[in-house]
Structures are given as C-alpha cells and as structure tokens.
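The chain is numbered in sequence order, starting from 1.
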Amino acid sequence: MESGVFVARDPLLHVDVHVDELEPHRGILELLSRLRPHWNAHDIQMKTFTEGITNQLIGCYIGSLQEPGCVLVRLYGQSTELFVNRNREIEMFQIMHSHSCGPEIYCSFHNGICYEFVMGTVLDDELLRQPSIYRLIAAEMGRIHAIQQKHDLHVEPVLWAKMSQYITLVQSSSPACTESVHPVGGVLSFDMLAEMESLRRALSNMGSPIVLCHNDLLTKNIIYNQNQGTVKFIDYEYADYNYQAFDIGNHFNEFAGMECIYSRYPGPDLQRDWLTAYLESYKHSTAREVTVTDGELSQLYIQVCKFSLASNLLWGFWAILQSRFSSIDFDFQRYATARLKYYFEKKEEYFGLGLCDQNNSIVLPESKRSSQ
C-alpha cells in the first residue's frame, strides 16, 4: 500500500433487517439472501466467534471458513451507540479497504454490519511478542498512519472529545456522582475532569502528529496470515484521527491483555525494536528518508510512554460505562479499576521521561537510574 489521500466512497448498501441477538439465524439468512443470493440456505453454516466483549460476531459460509466469500455478521452490543459513531465506523472501513489495509464492508442493517472475513489466525499473547510478528504489526501501523486526510484539512484528535464524552456519560448515569469525582472499585476516587484536563495540557505540547489511527489494537483485532507473511487489523469501531503516539501506546498496553497483567507490558528493548520497524515503515510510506536516527527513536519512545497513560485513562472510563450498560458477561468494574490503578502507578515515572543526553539516549527518572 502506498500513502495517498482518501476520497469519499459510494454510499453503503443498507438492508432493512433487524437481527434478533438471541435468535439470529432467521435474520442472518435474510441478510445473506441479499448478499449471497446464489447460496442455498440449507447449505449455509454459521460459526459464532466469542473474542469480542462488546458485540456478537457470526461467520457465515458454505463449505469452509477459509474459502473465499465468507461473510461476517456483527451484531452491535447493547447501548454501544453511546460509545461508537456508527457512521464514522463505516467510513473507516471504507478508507482502510481502499488502501488494502482492511476487509470490504458489504452492508449495514438496523443493528449491525456485514463484512469480509479476513483469513488467518487471531493473535494471542505469545504470538504478539514474537519479533517476526510484532515487526509486521509495527509496519502495518506505519502504513495506516501514513494515509492522508482529504485536502490536507486540519483535523482534531478524537482522544479528548471521546474522553469528555465518557466523563459526561459517567456523571449522567450515576446519581451519586453529582460532580466529577468518582469512586472506582472502592479503591480509587479522583476528579475525572480535572485529571483529563491536566493530561491534555501535558500531552498536547508533545508534538505527536495527528494521523489516521485504529485506536483499539488489542490482540483479537489483529489477524496473522502465516502463508502470506502478513498481518491485517480488523474492527474499526474506534478508528479515527488521533495522536500517533496514542495508537502505539494503546497497543503496548494491550500486551497486558484483558486480564491486565502488566508484567507483560513490553520492555524498553522490545519497544525500541518495534518502534524502529514502525518508523521505517511510516517514513517509507510518507516518501521520506527511511533511516531512523537515535534521536527520532528516543523522542517517539518518550511520547509513546506518556500517551500510554491517556490510553489507560480512556479505557478506564469506558469500562465504568460498560459495567452499567453492557449485557456481556465480563467484569468491567474490575477492568476499570486495573486500568486506572496502572495509570496512577505509572504517571510519575512516565512524566519523569523527557530529556536526552548528548548521545540522544533516553534519560530515565532518578528512581529508575539508581536501581539499574
């Protein structure tokens, strides 16, 4: 894929169907009669995927999932319209596909979308740490970040608007939360709005470029095709323009998994290797000199550490809301507590980063230098 300016796509087909999430078979067959009219209904097989925690995902096929033509049907989760701009999601699908970075979207319906099945293996925590694979992920993110916006229009990062939206929803959904201060899991109590504003002031001056971001690159949203030696990113519910360093820092946080085992967070050596592969791809895709300097690497490392804080704060707020609205069997309250606790644990350390010595090497905070 080469970097290029994206243009408006043709309107997406909308099918006037509502699929019952408890008994989806009939509604899905109605969708497939439009999308795959040559399929015999008696031959259609369906497989329910359980990787997602906010939506239902059902694969529909004849013969085998790995054969061309398989259709994925995604049913939106309960109250997810509070979190996701569905029109923007469809636009992101079309942009990614037009640059060979994502699957084709076939249609929308009242409570979901249908799109192309991406062949390959859903990543797990072990594959995520393999150098040959994480370098592919870094390079693919670099290519996506190089996609240019229309007519070079100024765009705002989605981060602060999304975080503000979540704070407002938390306040409106909790009678006890008359102000911004909110207790989380009986452990944390802090002023959400003040914390966001403090972080905004610190990060807005970091100089991280605003680029097209996935914004939710957890393992289950990465498909690895071993035969082709490629990775593809799927699910664009949160894709939008955002800070380059946020997308990377958010991905590094996902090394901890939904269990939030932060001992899995990538160490400096893995991060530097990952970031080198990323910068080579990003610079190549934006037609710049590919050589990566120590100074560029150190600067991005520092930016990513600090923006990873914003990732924890954002998803902590998101999980508080999910604990109130979602019907999915997942302990969102525990997840919110873990993300926000880690935010406060790492805040001082990461904001202690910021200086480089005369060799452009990262200068660690005093507490870290004294222990090494």
Side-chain angles (χ1 to χ4, degrees), residues 1-13 35 49 51-52 54-55 57-61 65-66 68-76 80 84-109 112-123 127-128 133-150 155 158 211-242 244 246-248 250-251 254 278 281-282 285-286:
M1 184 210 80
E2 297 298 328
S3 117
V5 178
F6 65 73
V7 295
R9 304 288 138 201
D10 294 332
L12 182 68
L13 170 68
L35 297 176
F49 297 92
E51 286 88 355
T54 54
N55 305 287
L57 189 61
I58 301 167
C60 308
Y61 56 97
L65 265 174
Q66 299 299 324
C70 174
V71 175
L72 287 181
V73 179
R74 176 139 61 82
L75 306 182
Y76 297 147
T80 52
V84 178
N85 180 331
R86 296 301 180 186
N87 290 330
R88 189 63 163 167
E89 177 190 13
I90 289 170
E91 183 183 0
M92 291 296 126
F93 255 100
Q94 294 174 319
I95 291 168
M96 297 291 187
H97 178 65
S98 71
H99 288 82
S100 302
C101 289
E104 180 180 0
I105 183 168
Y106 298 134
C107 75
S108 63
F109 54 97
I113 54 175
C114 297
Y115 56 98
E116 177 186 7
F117 179 75
V118 178
M119 290 188 284
T121 302
V122 175
L123 280 197
L127 289 174
L128 190 65
I133 294 178
Y134 71 61
R135 289 173 190 143
L136 289 175
I137 296 168
E140 184 70 5
M141 186 181 286
R143 286 189 286 272
I144 290 172
H145 285 182
I147 298 173
Q148 301 171 17
Q149 65 265 33
K150 291 176 281 190
V155 290
V158 73
V211 297
L212 186 65
C213 293
H214 185 282
N215 291 319
D216 188 26
L217 201 58
L218 65 160
T219 54
K220 303 304 183 185
N221 284 342
I222 305 171
I223 306 297
Y224 171 54
N225 189 314
Q226 184 176 10
N227 293 332
Q228 297 179 5
T230 60
V231 296
K232 293 295 180 186
F233 304 159
I234 60 171
D235 289 357
Y236 310 115
E237 289 185 301
Y238 300 95
D240 211 322
Y241 284 101
N242 212 348
Q244 174 192 61
F246 175 90
D247 212 15
I248 301 171
N250 183 73
H251 175 61
E254 295 297 349
Y278 167 84
S281 172
Y282 179 66
S285 298
T286 50

Just distance, no hydrogens or angles: give the donor-acceptor pairs under 3.5 Å from side chains in residues 222-235, sequence neighbours left out.
from: Asn225; atom 1: OD1; to: Asn227; atom 2: N; distance (Å): 3.2
from: Asn225; atom 1: OD1; to: Gln228; atom 2: N; distance (Å): 3.0
from: Asn225; atom 1: ND2; to: Met119; atom 2: O; distance (Å): 3.4
from: Lys232; atom 1: NZ; to: Ser100; atom 2: O; distance (Å): 2.6
from: Asp235; atom 1: OD1; to: Tyr115; atom 2: OH; distance (Å): 3.1

Search all heavy atoms of [X] against all heavy atoms of [Y] and return the closest pair with its distance.
X	Y	result
Asn215	Asn250	O-ND2, 3.4 Å
Ala146	Ser285	CB-CB, 3.4 Å
Cys101	Ile144	SG-CG1, 3.8 Å
Leu65	Cys70	CD2-SG, 3.4 Å

State, yes or no, whether a side-chain contact exists between [X] and [Y] at a heavy-atom distance under 4.5 Å.
X	Y	value
Val73	Phe109	yes
Gln94	Ile105	yes
Ile113	Tyr76	yes
Leu128	Ile137	yes
Tyr236	Arg88	no
Leu13	Tyr106	no
Leu72	Phe49	yes

Worksheet item: Excluding sequence neighbours, so at least two apart, what forms salt bridge (charged side-chain N to carboxylate O under 4.0 Å, His left out) with Glu116?
Response: none
Worksheet item: Among all residues two or more places apart in sequence or in another chain, which pass the salt bridge (charged side-chain N to carboxylate O under 4.0 Å, His left out) test with Asp216?
Response: none
Output the distance between atom [atom1] ([X]) and atom [atom2] ([Y]), rounded to the nearest 0.5 Å.
X	Y	atom1	atom2	value
His214	Met96	NE2	CE	6.5 Å
His251	Thr219	NE2	OG1	9.0 Å
Ser281	Glu140	OG	CD	7.5 Å

Worksheet item: Of the options Asn242, Asp240, Ile95, which is the one that meets Leu212 in a side chain to side chain contact (heavy atoms under 4.5 Å, CB included)?
Response: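 Answer after filtering Asn242, Asp240, Ile95: Ile95.
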Identify, with sequence neighbours excluded, every residue that meets side chain to side chain donor-acceptor pair (under 3.5 Å) alongside [X].
X	result
His145	Asp247, Tyr278
Arg74	Glu89, Glu237
Ser108	His14

Worksheet item: Can you list the steps and then say if Val158 with Tyr241 is a side-chain contact (heavy atoms from CB on, under 4.5 Å)?
Response: CA-CA 6 Å; Val158 73; Tyr241 284 101; over 6 Å; no
